[in-house]
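Read through the structure below, which is laid out as structure tokens, and then see the notes.
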Amino acid sequence: MKLWGGRFSKDLSVETENFTETIDVDSRMVLYDIWGSQAHAIMLAHQQIISLDDLRQILTWLGKAKEDFLSGKLELKRELEDVHMNVETYLIEGAGREYGGKLHTARSRNDQVLVDARLYIREQILDTQELLCQLAKTFLEIAEAHVETVMPGYTHTQHAQPITLGFWATAYASMFLRDLKRLDAAYANVNTNPLGACALAGTSFPIERNLTTRLLGFDDIHEHALDVISSRDFITETLFALAQLMSNLSRLSEEIVYWSAYEFRMIAVDDAYASGSSIMPQKKNPCVAELIRGRTGRIYGALQELLINLKGLPMGYNRDLQEDKPPLWEAFDVVQACLSILKGMLATLEINEKRMAELVSANFATATELANFLVRERGLSFRKCHEIVGSIVGELSSSGLTFSNLQETQNLLKLKDIEISIPELKSILDPKFAVLNNKSRGGASPEEVKRMSTDLDKHLSRIEAKISQKRGQINVARELTDDVIEAALSRADIRAKIQEICLV
Ligand code: ARG
């Protein structure tokens, strides 16, 4: 008999049972379901909705459920549909219906599932942020080692201007900082307390939502009961933050793939992060980077899936909402695996500085610097200089030459009435020199890269501190709950205990 089976005259079909159950998805939320139930039971007793005797029975059996789950003895039963019914059934079987049957007073699975999900999701966000901080720091290490490693900067995948590998690396750290901020913003909307919204309308019992908010470590109450039950934007926001992050990881992967192609040869992925071909003995394929690129679609799909799910739903709980968790779970798994493996791959990346230097001098990357020189030193308008340098580049390249042919470049300039000595021309056209001079704020100069890198590092440390502060808040809440449980089970005065620790 189902716990909700009173109005039914027969069991649901096995097919329906299999169609509707969520055991695999819910298996990640068992401990959170127990914690939420402990907090709810404590609140019920504190508000004298259930007796202290009831509370002790309930807490005893919830404690056993936790122990059994941790030791692998509590196996979720599919026929019990979901984690909530499994935990409650365990409790009722242990404590008896007269006690265990009271836990679900003033609670619905509709608010319960949101408690479980939010408690799980907030930790997943913190785990993701932590991995992302580590990856960003790996980029800062690359930056530090390569503030002067000159390479071509690209626009349209064509040589544009010289940059350094350090400049490139700090760009990713700078991008990741925003990903971290987006995850932080998502966290704020995740970490609010849905418990007490009940089915959709609140309850006629005198519940105290502040107490469960404290016991579960939420920042605030998500107040409006109908809004609580109807909304999943805390999940879409989280999924968007993950989708955007994957977009950034995918672009990075794309660079790793083509930078390691023979035509570029700017980097080589460590053997530990590559794989071979079953037929072509010479192959070394950047499969990890390709798979990150390839898995990005799954995260976009996850976001789409939920957005589409939500757009047609009327207010209130609709069973469609059950579909909110699988895409998010998958997104966390994929993103965290990508972040973790990327960190290792980046840290072991072989960097071909010689090849970078060779490429940066090969294709007029310092043309803008030459034009800038003419503006600065010869008082011509930028447009005029652009035209002069453009025509020199045109002539040199049509005869198969580059700026390395200093004599020829000097001659062409002379034909335009511009005299520059060979040593001076040499330094103007030197990519290192060009980079050195880009001292504008946020520019590619080693000075700026060092400054930005220090700055980014400080930001990352601040975010790391915030992550551990949040973990601390979660642990404190867990301990508060445990303290009250201990007080209740040892027949101490739980009201005083709650007064003392929760200030409710
Ligand atoms: N498994 C459900 C979900 O994930 C839990 C809530 C069920 N509520 C209900 N009224 N059937 O959304």
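Both backbone and side-chain heavy atoms feed into the values below; hydrogens, waters and symmetry mates do not. Nothing fancy with the numbering, it's 1 onward along the sequence. When a ligand or atom number is given, it counts from 1 through the structure's own listing order.
- In this structure, the separation between CD1 on I121 and CG on D324 is 7.5 Å, given to the nearest 0.5 Å.
- Under the side chain to side chain donor-acceptor pair (under 3.5 Å) criterion, K343 pairs with no residue at all, not counting sequence neighbours.
- Between R451 and G442 the shortest heavy-atom distance is NH2-N, 4.2 Å.
- Here the rule is side chain to side chain donor-acceptor pair (under 3.5 Å) with K470, and of N191, D184, N475 only D184 fits it.
- Legend: salt bridge (charged side-chain N to carboxylate O under 4.0 Å, His left out) pairs involving residues 20-45, not counting sequence neighbours, sorted by first then second residue: E21-R78, D24-R78, R28-D333.
- Residues satisfying the side-chain contact (heavy atoms from CB on, under 4.5 Å) test with A201, not counting sequence neighbours, are none.
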Between ligand 1 and the protein, find all N/O pairs closer than 3.5 Å and give the distance for each.
from     : atom 1 : to   : atom 2 : distance (Å)
ligand 1 : 1 (N)  : Q322 : OE1    : 2.9
ligand 1 : 4 (O)  : K325 : NZ     : 2.6
ligand 1 : 8 (N)  : N110 : OD1    : 3.1
ligand 1 : 10 (N) : N110 : OD1    : 3.2
ligand 1 : 12 (O) : Y317 : OH     : 2.6

